[in-house]
*Asks:* 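Pasting in a structure now, in C-alpha cells, and then I'll have a few things to ask.
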Amino acid sequence: MTRRVLTVAVLFAVTLAAPGVGHSQTFKVDKFDIKGDGGTDYIDVEAATGRVFVSRTNHMMVVEGASGKVIGDILNTPGVHGAGVATTAGHGFTTNSGNETVTMFDLKTLAVLRQIEVGPGLDGIMYDEPDDKIILTNHSRPIGTLTAIDPKSGDIVATVELEDTLPEGAAADGKGHIFVNNESRNTIQVIDVKTWKATASWPLAPCDGPTGIAYDKASNRIFSGCSKTSVVVDASTGKVVASIANGTRVDALGWDPSSKLMFIPNGGEGNVTVVHQDSPDQYTVVKTVATVAGAKTIAVDPVTHNVYLFQPERGPAPAPPAGAPPPASAPGGRGRGPQGPIVASWFVVIRP
C-alpha cells in the first residue's frame with residue numbers, strides 16, 4: 001500500500017516549569033497517510049507490541065505505531081467506535097454501534113472469535129487491567145450504562161445504570177473503583193467493581209462536556225478532558241483541585257505517568273495541549289503541538305512514549321442538485337451536513 005509521509009521538520013523544544021526544576025522535552029511530529037475508507041472515533045495502542053488500533057466507521061485498521069505502516073484490518077465492525085486490548089488474555093474487542101455488538105478478536109492473528117450482543121448506544125471502551133475487565137460506556141436509552149466483559153471468555157459480567165445518557169471515558173484506580181465521565185451532566189460517577197453499583201457523583205465545574213479521562217496512581221488524581229477547560233480531581237475527595245486551559249472538540253485525553261505529561265487533543269484547533277504535572281495540584285501548559293484539523297482522540301504508548309492521533313482529511317462537499325431542499329438538521333441542530341470525499345487519512349505520531 002502506497003503511503004504519503006509528512007515529517008514536520010520543526011522540533012518543539014519544551015522547558016517544563018516545575019517548581020525548582022528545569023528540564024527540556026523535544027517533540028517530533030510525523031504524519032502518515034495510511035489511506036482507507038471511513039471516518040473515525042477512538043484509537044487505542046497496545047503497549048506490548050506498539051500496534052495502534054484505528055477505528056474507520058465499519059472496519060478497524062491496525063497500524064505499526066513507530067512506522068505508520070498498516071499491518072492489518074478487522075472487517076465487519078459496523079459503526080465501530082473504539083478498541084479495547086487485553087494483552088494477557090490475548091484478546092481485543094471493538095464497540096460496533098451499527099449492529100449493537102462487540103467484536104472479540106485474537107490479538108495475534110486478528111481473527112474474529114465472537115460477536116457479543118450487547119445492546120444500543122455502544123461507544124467508549126477501555127481495558128481495566130487491575131480488575132481484568134473490558135469496560136464499555138454506552139449512550140443507551142432511557143439511561144446510559146456501563147458494561148463489564150470478561151476478557152477471557154467474552155461473557156458480560158455486569159451492567160451498571162448511570163445518571164447520564166452520554167457517558168464517555170472511563171478509568172480505573174486499581175483500588176476497586178472505576179471513574180466515568182458524564183458529558184451532558186458534567187460529572188464523574190464512581191463505580192464500585194465489587195457490587196457494580198454507582199456510589200458517588202462528583203460535579204466537575206468549571207469543566208464543560210467531560211469526555212477523555214485518565215488516572216494517575218502516584219498522585220491519586222483523575223484528569224478529565226473538557227472543552228476549553230479541563231480539570232484535575234482528587235480521587236479521594238471528588239474535589240476539583242486544578243483547571244487547565246485548552247482548545248475545543250476534545251474527545252479523549254492521554255497521560256504518560258513516567259514523564260508526568262498530559263496530552264489534550266483539540267479537534268477544533270487541530271493541535272494538542274501538552275501539560276506537565278508539577279505536583280498533584282499544580283499543572284503547567286508547556287506546549288501546543290500542531291497536528292491536523294479535527295483530530296480529537298488520542299492514545300499514549302507508555303513504553304515508547306509515542307503519542308498517536310488519527311483524522312481523515314476531506315475535500316469539498318459536492319454541490320447539491322439544482323432545486324434540492326437544504327439537508328435536514330439532526331435533533332438539537334447537531335450534525336455535519338454533506339461531507340466531501342476523503343483525500344487523505346492522517347496517522348499522526350508525536351515522538352518525544
*Asks:* Test your reading of the model: is there a side-chain donor-acceptor pair from T77 to the backbone of V80, 3.5 Å cut-off?
*Replies:*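 Here the side-chain-to-backbone pair does not exist.
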*Asks:* Could you pull out all residues at least two apart from D128 that satisfy side-chain hydrogen bond (donor to acceptor under 3.5 Å, both in side chains)?
*Replies:*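 With neighbours one apart ignored, the set is empty.
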*Asks:* Strictly distance-based, threshold 3.5 Å: is any side-chain N or O of N186 a donor or acceptor partner for the main-chain N or O of G209?
*Replies:*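 Side chain of N186 to backbone of G209, a donor-acceptor pair under 3.5 Å: yes, one is there.
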*Asks:* Quick check against the 3.5 Å criterion: does H139 have a side-chain atom that pairs as donor or acceptor with the backbone of P120?
*Replies:*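 Checking the backbone N and O of P120 against the side chain of H139, no donor-acceptor pair under 3.5 Å is found.
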*Asks:* With rounding to the nearest 0.5 Å, note down the distance linking NZ in K28 to CD1 in I350.
*Replies:*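 Rounded to the nearest 0.5 Å, the NZ-CD1 separation comes out at 13.5 Å.
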*Asks:* Do the side chains of I188 and I222 get nearer than 4.5 Å, heavy atoms only?
*Replies:*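 They are in side-chain contact.
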*Asks:* Write out all pairs satisfying salt bridge (charged side-chain N to carboxylate O under 4.0 Å, His left out) with one or both partners inside residues 83-93, taking only residues at least two apart or from two chains.
*Replies:*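 For residues 83-93, and leaving out neighbouring residues, there are no salt bridge (charged side-chain N to carboxylate O under 4.0 Å, His left out) pairs at all.
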*Asks:* How many angstroms lie between atom OG1 of T40 and atom CG of L309, to the nearest 0.5 angstrom?
*Replies:*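 Output value for this atom pair is 10.0 Å.
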*Asks:* State plainly whether one hydrophobic cluster holds both W202 and V231, where clusters connect Ile, Leu, Val, Met, Phe, Trp and Tyr through side-chain heavy atoms under 4.5 angstrom apart.
*Replies:*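 Yes, same cluster.
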*Asks:* Under 3.5 Å, side chain of S219 to main-chain N/O of P280, donor-acceptor pair present?
*Replies:*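 Side chain of S219 to backbone of P280, a donor-acceptor pair under 3.5 Å: no, none is there.
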*Asks:* Determine whether V63 and F310 fall in the same hydrophobic cluster, where Ile, Leu, Val, Met, Phe, Trp and Tyr are linked whenever their side-chain heavy atoms lie under 4.5 Å apart.
*Replies:*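 Yes, V63 connects to F310 through the hydrophobic network.
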*Asks:* Quick one: closest heavy-atom pair of S224 and L204, and the distance?
*Replies:*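 For S224 versus L204, the nearest heavy atoms are OG-CD1, 4.0 Å.
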*Asks:* Only counting residues at least two apart or in another chain, list the ones meeting salt bridge (charged side-chain N to carboxylate O under 4.0 Å, His left out) with D281.
*Replies:*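 D281 satisfies salt bridge (charged side-chain N to carboxylate O under 4.0 Å, His left out) with R221 only.
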*Asks:* Tell me, please, which residues at least two apart from S184 pass side-chain hydrogen bond (donor to acceptor under 3.5 Å, both in side chains).
*Replies:*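 If we apply the side-chain hydrogen bond (donor to acceptor under 3.5 Å, both in side chains) test to S184, skipping adjacent residues, the hits are D164.
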*Asks:* Are the side chain of T147 and the backbone of L136 linked by a donor-acceptor contact shorter than 3.5 Å?
*Replies:*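 Pair absent, no side-chain N/O of T147 close to backbone of L136.
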*Asks:* Measure the NZ-OG1 distance between K287 and T26 for me, rounded to the nearest 0.5 Å.
*Replies:*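 Answer rounded to 0.5 Å: 10.5 Å.
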*Asks:* V275 and L261: side-chain contact (heavy atoms from CB on, under 4.5 Å), yes or no, with the steps?
*Replies:* CA-CA 6 Å; V275 184; L261 288 178; over 6 Å; no
*Asks:* Determine which pairs satisfy salt bridge (charged side-chain N to carboxylate O under 4.0 Å, His left out) with at least one residue from residues 140-158, sequence neighbours left out, and list them in order.
*Replies:*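 Salt bridge (charged side-chain N to carboxylate O under 4.0 Å, His left out) check on residues 140-158 returns R114-D155, D132-K152.
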*Asks:* Under the salt bridge (charged side-chain N to carboxylate O under 4.0 Å, His left out) rule, what pairs show up with a residue in residues 200-220, not counting sequence neighbours?
*Replies:*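 Not a single pair qualifies under salt bridge (charged side-chain N to carboxylate O under 4.0 Å, His left out).
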*Asks:* Backbone N or O of G270 within a donor-acceptor pair of the R249 side chain at under 3.5 Å?
*Replies:*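 No; judged by distance alone, with no hydrogens or angles, the pair does not exist.
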*Asks:* Does N220 form a side-chain contact (heavy atoms from CB on, under 4.5 Å) with D234? I'd like the steps, not just the answer.
*Replies:* CA-CA 7 Å; N220 196 33; D234 185 331; 4.2 Å; yes
*Asks:* Examine the side chains of S230 and N246 and answer whether a donor and an acceptor come within less than 3.5 Å of each other.
*Replies:*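 Yes, side-chain donor-acceptor contact under 3.5 Å.
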*Asks:* Any donor-acceptor pair under 3.5 Å linking the side chain of D251 with the backbone of G212?
*Replies:*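 Such a contact is absent between D251 side chain and G212 backbone.
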*Asks:* In the hydrophobic clustering that connects Ile, Leu, Val, Met, Phe, Trp and Tyr at side-chain heavy-atom distances below 4.5 Å, which members other than I342 occupy its cluster, ordered by chain and number?
*Replies:*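 Answer for I342: none, a lone residue.
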*Asks:* So how far is it from Y283 OH to H276 NE2, rounded to the nearest 0.5 Å?
*Replies:*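 Between Y283 OH and H276 NE2, I get 10.5 Å after rounding to 0.5 Å.
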*Asks:* Answer whether the closest heavy-atom distance between the side chains of V193 and I178 falls below 4.5 Å.
*Replies:*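 Of all side-chain heavy-atom pairs linking I178 with V193, at least one is under 4.5 Å.
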*Asks:* Quick test of your reading: applying ring-ring contact (aromatic ring centres under 6.0 Å, His included), list the pairs with at least one residue in residues 242-266, sequence neighbours left out, ordered by first then second residue.
*Replies:*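 Those involving residues 242-266 are F223-W255.
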*Asks:* Keeping the roles fixed (side chain from T284, backbone from V286), state whether a donor-acceptor pair exists under 3.5 Å.
*Replies:*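 Pair absent, no side-chain N/O of T284 close to backbone of V286.
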*Asks:* Check each of N96, N76, T95 against T103 using the side-chain hydrogen bond (donor to acceptor under 3.5 Å, both in side chains) test, and report the only one that passes.
*Replies:*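 Filter result, single survivor: N96.
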*Asks:* If you look only at pairs with a residue in residues 338-352, which of them pass as a salt bridge (charged side-chain N to carboxylate O under 4.0 Å, His left out), with sequence neighbours excluded?
*Replies:*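 Listed by first then second residue: D30-R351.
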*Asks:* Give a yes or no answer on whether the side chain of D173 reaches the backbone of K175 with a donor-acceptor pair at less than 3.5 Å.
*Replies:*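 Yes; at least one donor-acceptor contact below 3.5 Å.
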*Asks:* Does either side chain, that of E168 or that of T137, offer a donor lying less than 3.5 Å from an acceptor on the other one?
*Replies:*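 No, T137 and E168 have no side-chain donor paired with an acceptor closer than 3.5 Å.
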*Asks:* Could I get the full list of side-chain hydrogen bond (donor to acceptor under 3.5 Å, both in side chains) partners for H81, not counting sequence neighbours?
*Replies:*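 Listed in chain order: D41, S97, D123.
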*Asks:* Please lay out, stage by stage, how N266 and N271 fare under the test side chain to side chain donor-acceptor pair (under 3.5 Å).
*Replies:* CA-CA 5 Å; N266 309 305; N271 57 41; 2.8 Å; yes
*Asks:* Would D33 and K31 satisfy salt bridge (Lys or Arg N to Asp or Glu O under 4.0 Å), going step by step from the backbone distance to the final call?
*Replies:* CA-CA 7 Å; D33 181 5; K31 301 176 183 179; over 6 Å; no
*Asks:* Could I get the full list of salt bridge (charged side-chain N to carboxylate O under 4.0 Å, His left out) partners for E269, not counting sequence neighbours?
*Replies:*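 Salt bridge (charged side-chain N to carboxylate O under 4.0 Å, His left out) list for E269, sorted by chain: empty.
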*Asks:* If you group Ile, Leu, Val, Met, Phe, Trp and Tyr by side-chain heavy-atom gaps below 4.5 Å, do F32 and V54 land in one group?
*Replies:*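 Yes; V54 is reachable from F32 via cluster members.
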*Asks:* Do you reckon W196 sits in the same ILVMFWY cluster as L162, going by side-chain contacts under 4.5 Å, direct or chained?
*Replies:*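 Yes.
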*Asks:* What distance separates I34 CD1 from I71 CD1, expressed to the nearest 0.5 Å?
*Replies:*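 Atom-to-atom, I34:CD1 and I71:CD1 are 11.0 Å apart.
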*Asks:* Kindly compute the distance separating OH (Y127) from CD1 (I135), expressed to the nearest 0.5 Å.
*Replies:*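 With rounding to 0.5 Å, OH (Y127) is 10.5 Å from CD1 (I135).
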*Asks:* Between I149 and V157, is a side-chain contact (heavy atoms from CB on, under 4.5 Å) present by the stated rule, with each step listed?
*Replies:* CA-CA 6 Å; I149 294 176; V157 297; over 6 Å; no
*Asks:* Do we see a donor-acceptor contact under 3.5 Å between the side chains of T187 and N182?
*Replies:*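 The answer is yes; a qualifying pair exists.
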*Asks:* Using a strict cut-off of less than 4.0 Å between a Lys/Arg side-chain nitrogen and an Asp/Glu carboxylate oxygen, indicate whether R51 and E46 qualify as a salt bridge.
*Replies:*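 A salt bridge links R51 with E46.
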*Asks:* Does any non-hydrogen side-chain atom of I191 lie less than 4.5 Å from one of V180?
*Replies:*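 V180 reaches I191 side chain to side chain.
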*Asks:* Under 4.5 Å between side-chain heavy atoms, hopping through other hydrophobics if needed: is there a path connecting V118 to M104?
*Replies:*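 Yes.
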*Asks:* Less than 6.0 angstrom separating the ring centers of F347 and Y308, yes or no?
*Replies:*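 Yes, the ring centres sit under 6.0 Å apart.
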*Asks:* Heavy atoms, side chains only, cut-off 4.5 Å: are P341 and R314 in contact?
*Replies:*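 A side-chain contact under 4.5 Å is absent here.
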*Asks:* Hey, does the side chain of H305 reach the backbone of P352 with a donor-acceptor pair shorter than 3.5 angstrom?
*Replies:*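 A pair under 3.5 Å: no.
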*Asks:* Report the residues that fulfil side-chain hydrogen bond (donor to acceptor under 3.5 Å, both in side chains) with R185, sequence neighbours left out, ordered by chain and then residue number.
*Replies:*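 In terms of side-chain hydrogen bond (donor to acceptor under 3.5 Å, both in side chains), with neighbours along the sequence ignored, R185 is linked to no residue.
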*Asks:* Could you walk me through whether I244 and I264 pass the side-chain contact (heavy atoms from CB on, under 4.5 Å) test, one step at a time?
*Replies:* CA-CA 10 Å; I244 300 160; I264 306 172; 4.2 Å; yes
*Asks:* Checking side chain to side chain donor-acceptor pair (under 3.5 Å) for the pair T145/T159: CA distance, chi angles, key distance, verdict?
*Replies:* CA-CA 7 Å; T145 56; T159 300; over 6 Å; no
*Asks:* Taking all heavy atoms of A170 and all of I213, pick out the closest pair and write down the distance.
*Replies:*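 A170 and I213 have their closest heavy atoms at N-CG2, 3.3 Å.
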